[in-house]
Amino acid sequence: LTRYTSVTDEDLREMLGAIGVESVEDLFADIGAGLQLDRPLALDAGLSEAEVYAELRALAERNVSTEDEISFLGGGMYDHYVPALIDSIISRSEFLTPYTPYQPEISQGGLQAMFEYQTAISELTGLPVSNASVYEGPSAVAAAGYVAKLTNHRSRFIVSQGVHPHAREALGTLAHGWGMTLEPAHLSDGATELPHLDEDVSAVIVAQPNFLGAVEPLDELVAAAHEAGALVICSCDPLPLGILRAPGEQGVDIVVGEGQTLGNRLDFGGPSFGFFAVTEKLVRRLPGRLAGETRDADGRRGFVLTLQTREQHIRRERATSNICTAQALNALAGVIYLSWLGRRGIVELAELLVQRTAYARDALHALDGVEPLHHRPVVREFAVRLDAPVDRVIARCRAQGVNPGYALEHDDPELRGGLLVAITEQRTREDIDRLAEVLGVAVGAERQGTAAGAAR
Amino acid sequence: MSRWFTQAADDEKTIYERSRPGRRAFVAPPPGVPERPLDELIPAELRRAESPALPEVSEPEIVRHYNRLSKRNFDLDTGFYPLGSCTMKYNPKLHERVAALPGHAKLHPLQSPDGAQGALELMWRLQTALGEIAGLPHVSLQPSAGSHGELAGVLLTRAYHEDHGQKRTKVLTPDTAHGTNPATVTMAGYQVVKVGTDSSGNVDLDDLRTKADEDVACLMLTNPSTLGLFETGIEEIADLMHGVGATLYYDGANLNAIMGICRPGDMGFDIVHFNLHKTFTQPHGGGGPGAGPIAVSDRIEPYLPRPQVVRREDGDGNGARASRVYFDLDFDRPKSIGRLRGFQGNYGVFVRSYAYIRSLGAAGLREASEVAVLNANYLLARLRQAGVMEYLPAAYERLCMHEFVLSGAPMKRELQIRTLDLAKRLLDHGVHPPTVYFPLVVDEALMVEPTETETRETLDHFAEVVAEVLREAREDPEIARHAPYTTPVRRLDEAAAARHPVVRQPRG
């Protein structure tokens, strides 16, 4: 007996008797003898709960988490504080252990939370309809591309180099299957250059703020795209939307993004959630679950999954997406977080990030061998260029207990020496001062080393 | 007052309806840096004029609100949840504890591999274990859910054929397939061709033979099928598909029936996806998160998504120094289909599923499948009692695997209640109904998957409840037709919701 099963010898005897077979092996008679595995699986024997805990703890200790160093890593996921009430609420069995609310009468809690979540995302994005979540940020960009394909059947996407490189790649992976191609729109001083547009362009895809942290001016780009009959897809970082213009109000057709910063842990990259919001016109092409309000037999308000004729379980090969299981629990954390921040709090937090990020940006720009990578306005992340081998500089900083950020050249060789630095409310002025000190020393040491090497 | 739920007197307010201007939960820390005018940092034309209308509520109020909402949900920790094809097995509490350890939960996804050795080793070990369970050696953990794994699988098939200079246009799916299969095929740019089911519930081999040609890229199959039956002709099917150069894709939704008993790779499948939220007990979360890793054969391996988690050894080459083992992310995969998503996948899910595999080990996983099949067959036998079997016969008179499908057609005919009515009446008995109206090939279908973690008493109770609902319907079918009665809301008007969609709270 494993810890999680409960069949006693007596149960087994009686259950086999009720079925009318002699043994458990008889139950597998449909599986030909030649197909049955004639040995145990080559896996280690099971462990007690305490042993499993010890093993998983030992693995955890071999990771360097944001508790173990002063981390300025961002690039799509950020070390924001997750309030304790989120852990408390989402660990409740009633939210943790049910599945998709196929039976709405006993799923009102989850459905109403989806409705509340959709409202919050609608407020942030400035678009009228948000679904109940998709997997995560980069695949949400790919899913948005599919909506554009279904909408105008054109052959090409124009993708800003400011879109997260993982999102650009994920879109490319899927678009190949649809026979569509991607064309980059380049950045000029951190902002997307107005691309050449023609009637083959299905959608123009940008990010706000973009991968280099820059706030994009979207108006001209949106107007040009719409003029050419293309959709505009914007991948957004949700917290900066507390103070930035809502993309929906700027005419963007589809707003997606990574929801991790809304009350979700880093978890080495997942699970988090992706958000997905569209204009009224695109509602019937929306992927994924959507909660809607209705009435019960007694006239009471209730919530159900609605417009399901878009979905795979009803529409099958004509569905607008194949998505089934999404990220309901993570989206729940998202709406709790947004309720916790509240209408004033999200502005205060975003302004705090702007101030500390500006301070950090100034402090780093003042260092020898550190130049701005762009001059655009930023909210909580900025990029600099180091006049030194960036991976070696990072290694030197980490040896001092500071992780200074992400080396941009790994994704884009043109960004050689680029360092992406993220600030959250958990990084204090003292942390930022320490970063400047350690980075300055590291860059200096590497430049000296390079100079010495050249002199030899 | 219901036996099962905390029932609100009237409808439950939304968090927005609880909002009052000026209330708050969050207090920002002071910036602590010299502040500059905001206009200088972000020009006004880039900023919003009006803040987003998020709720204004205190922390106690948020906690009370969501705790109240939680009591309007039925959940697996409270009662039986035999939702077919979803494998609603117990989610061990240990998994939540280990996943929350800061070394796992607070690990940044862009941490360099030398600072993530524990995570990468865990992922590598999980890949190895999943590969062994599937009988296919190469695993990518990246896909976020089953449907995402399916998409990866069909794109891998495309990459494989293109690399061999072939352009194929069709993918076969049985008419019993999950809706995600045909939806995936379209999303991957192929045309769906449906294959029929024969009278004993297997893939119709004659139909398959006429449709299997060199234009077919892949056959997507669930085995055991969505009817809960093992595909007895699987070896012939595999030969047929490989004979025309197609790949064979295994939808892992039903893997819980066969762990340690037989393996998709040994059956001839080229590509498998796992649903970690089903077979490997990641809590379902009300509709996610899950994870949908894939395992593939040697010929598909070059095309796997990147990055791949790899184990490397470096030594000085002549044995003078002990070699060092380390784990890394391999991006250098020129034939890869590319990324499907950001970062490395749903790592928090991997931690839980790895803990599960370590807890059970080889013998425990096999036992889980054996008991899953035992429980399903026992429950099916219990439902073959007089008063039930006349109205809800099994769709196919065979031994089932981990789940089975009943048809409510006689019930509808004899008692004038539909499968939907039966499902709604079960709610009043504190039982989550089985999956209804799927698979589509069974009239008034009811798909029951008890899982291995339920006791015999629970199965007995379910059989008695079903018998009771049918007994009641013989006397007065109106009761079931208007059920449920004891839930937080009564039957909901889904048609009205779709006719006039209200999908967000109107602005106050």
Side-chain angles (χ1 to χ4, degrees), chain A residues 2 15 18 30 40-41 43 45-46 56 59-60 62-65 73 93-94 97-100 105-106 108-110 119 123 135 138-139 166 169 173 177 265 267-271 292-294 296-297 301-302 306 312-313 316-317 319 322 325-329 340 343 345 348 355 359 377 429, chain B residues 11 25-26 28 31-33 42 52 54 66 69-70 72-77 98 101 103 105-109 115 117-118 144-145 147 179 182-184 188-189 192 230 284-290 338-339 341-343 346-348 361-362 364 377-378 381 455 487 489-490 497 502 504-505:
Chain A
T2 72
M15 291 167 82
D30 277 349
L41 288 170
L43 300 173
L56 272 288
L59 285 166
R62 289 171 50 218
N63 296 325
V64 180
S65 79
L73 280 172
S93 296
E94 298 90 338
T97 68
Y99 206 4
T100 306
E105 296 85 355
I106 54 166
Q108 284 300 296
T119 305
E123 282 294 327
Y135 307 130
S139 56
H166 296 177
E169 187 172 339
T173 302
R265 324 199 278 222
D267 273 339
F268 199 43
E293 189 184 306
T294 189
D296 79 352
R301 178 173 64 181
T306 195
Q312 46 79 25
H313 61 289
R316 300 179 73 83
E317 63 268 26
N322 71 338
T325 294
Q327 308 285 138
L329 193 71
W340 179 74
R343 185 169 195 163
E348 288 173 10
Q355 294 294 344
Y359 176 79
R429 177 182 180 159
Chain B
D11 64 7
F26 169 74
V33 295
I42 302 185
L54 298 176
Y66 287 104
L69 283 196
S70 79
R72 292 159 73 84
N73 267 1
F74 181 84
D75 71 279
L76 174 60
D77 282 348
V98 293
L101 290 167
K106 295 190 177 180
L107 180 58
H108 193 282
Q117 283 297 294
S144 312
S147 52
T184 296
V192 176
F230 192 84
H284 282 78
R339 281 184 174 280
R341 52 160 289 160
F343 308 115
N346 282 341
Y347 177 74
N377 277 290
Y378 176 71
T455 63
T487 46
V489 291
R490 303 260 326 269
V502 178
R504 57 155 292 171
Q505 179 94 35

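These numbers come from a predicted model, not from an experiment. Below, read A as the first sequence line, B as the second, and so on, with proteins coming before strands; counting in each chain starts at 1.
- Interface remark: Ala105(B) contributes backbone and side-chain atoms alike to the contact with chain A (heavy atom separation under 4.5 Å).
- Thr325(A) approaches Gly288(B) most closely through the heavy-atom pair CG2-CA, 3.6 Å.
- For the pair Gln327(A)/Asn346(B), a side-chain contact is recorded, criterion being any heavy-atom separation below 4.5 Å from C-beta on.
- Contact tally against chain A (heavy-atom pairs below 4.5 Å) for Tyr378(B), Phe26(B), Phe230(B): the top residue is Phe26(B).
- Within the model, atoms CZ of Arg339(B) and NE2 of His166(A) stand 3.5 Å from one another, a figure rounded to the nearest 0.5 Å.
- Both the backbone and the side chain of Ala60(A) come within less than 4.5 Å of a heavy atom of chain B.
- Contact count against chain A (heavy-atom pairs under 4.5 Å) is highest for Gly286(B) among Gly290(B), Gly286(B), Ala188(B).
- Residues passing the salt bridge (Lys or Arg N to Asp or Glu O under 4.0 Å) test with Arg316(A): none are found, sequence neighbours excluded.
- Both the backbone and the side chain of Ala297(A) come within contact range of chain B, judged by heavy atoms closer than 4.5 Å.
- Between chain A and the options Gly32(B), Ala28(B), Ala497(B), Gly189(B), heavy-atom pairs under 4.5 Å are most frequent for Ala497(B).
- In terms of heavy-atom pairs under 4.5 Å with chain B, the best-connected choice from Leu43(A), Thr100(A), Asp296(A), Leu329(A) is Asp296(A).
- Both the backbone and the side chain of Ile42(B) have a heavy atom closer than 4.5 Å to some heavy atom of chain A.
- In terms of heavy atoms, Arg343(A) sits closest to Leu54(B) at CB-O, 3.4 Å.
- Between Gly103(B) and Ser65(A), the shortest heavy-atom contact is CA-CB, 4.2 Å.
- If you tally non-hydrogen atom pairs under 4.5 Å between each of Ala145(B), Pro52(B), Ala381(B) and chain A, the highest count goes to Pro52(B).
- The minimum heavy-atom distance between Asn63(A) and Tyr347(B), with the atom names listed, is ND2-OH, 4.1 Å.
- The minimum heavy-atom distance between Gly109(A) and Asn73(B), with the atom names listed, is N-OD1, 3.1 Å.
- If you measure heavy-atom distances from Thr119(A) to chain B, the contacts under 4.5 Å come from both the backbone and the side chain.
- For the options Pro138(A), Gly269(A), Ala319(A), heavy-atom pairs under 4.5 Å to chain B are most numerous at Gly269(A).
- Of the residues considered (Ser144(B), Gly342(B), Ala362(B), Ser147(B)), Ser147(B) shows the highest number of contacts with chain A, using heavy-atom pairs under 4.5 Å.
- The salt bridge (Lys or Arg N to Asp or Glu O under 4.0 Å) test applied to Glu293(A) returns no partner, not counting sequence neighbours.
- For Tyr359(A), the part lying under 4.5 angstrom from a heavy atom of chain B is the side chain only.
- The candidate from Gly115(B), Gly364(B), Gly361(B) with the greatest count of non-hydrogen atom pairs under 4.5 Å with chain A is Gly115(B).
- Here Gln312(A) contributes atom CD and Thr184(B) contributes atom OG1; the two are 8.0 Å apart, rounded to the nearest 0.5 Å.
- The minimum heavy-atom distance linking Pro98(A) with Asp75(B) is given by the pair CD-CB, 4.0 Å.
- The backbone N or O of Ala183(B) sits nowhere less than 3.5 Å from a side-chain atom of Asn322(A) that would complete a donor-acceptor pair.
- Rounding to the nearest 0.5 Å places CD1 of Ile106(A) at 5.5 Å from CZ of Phe74(B).
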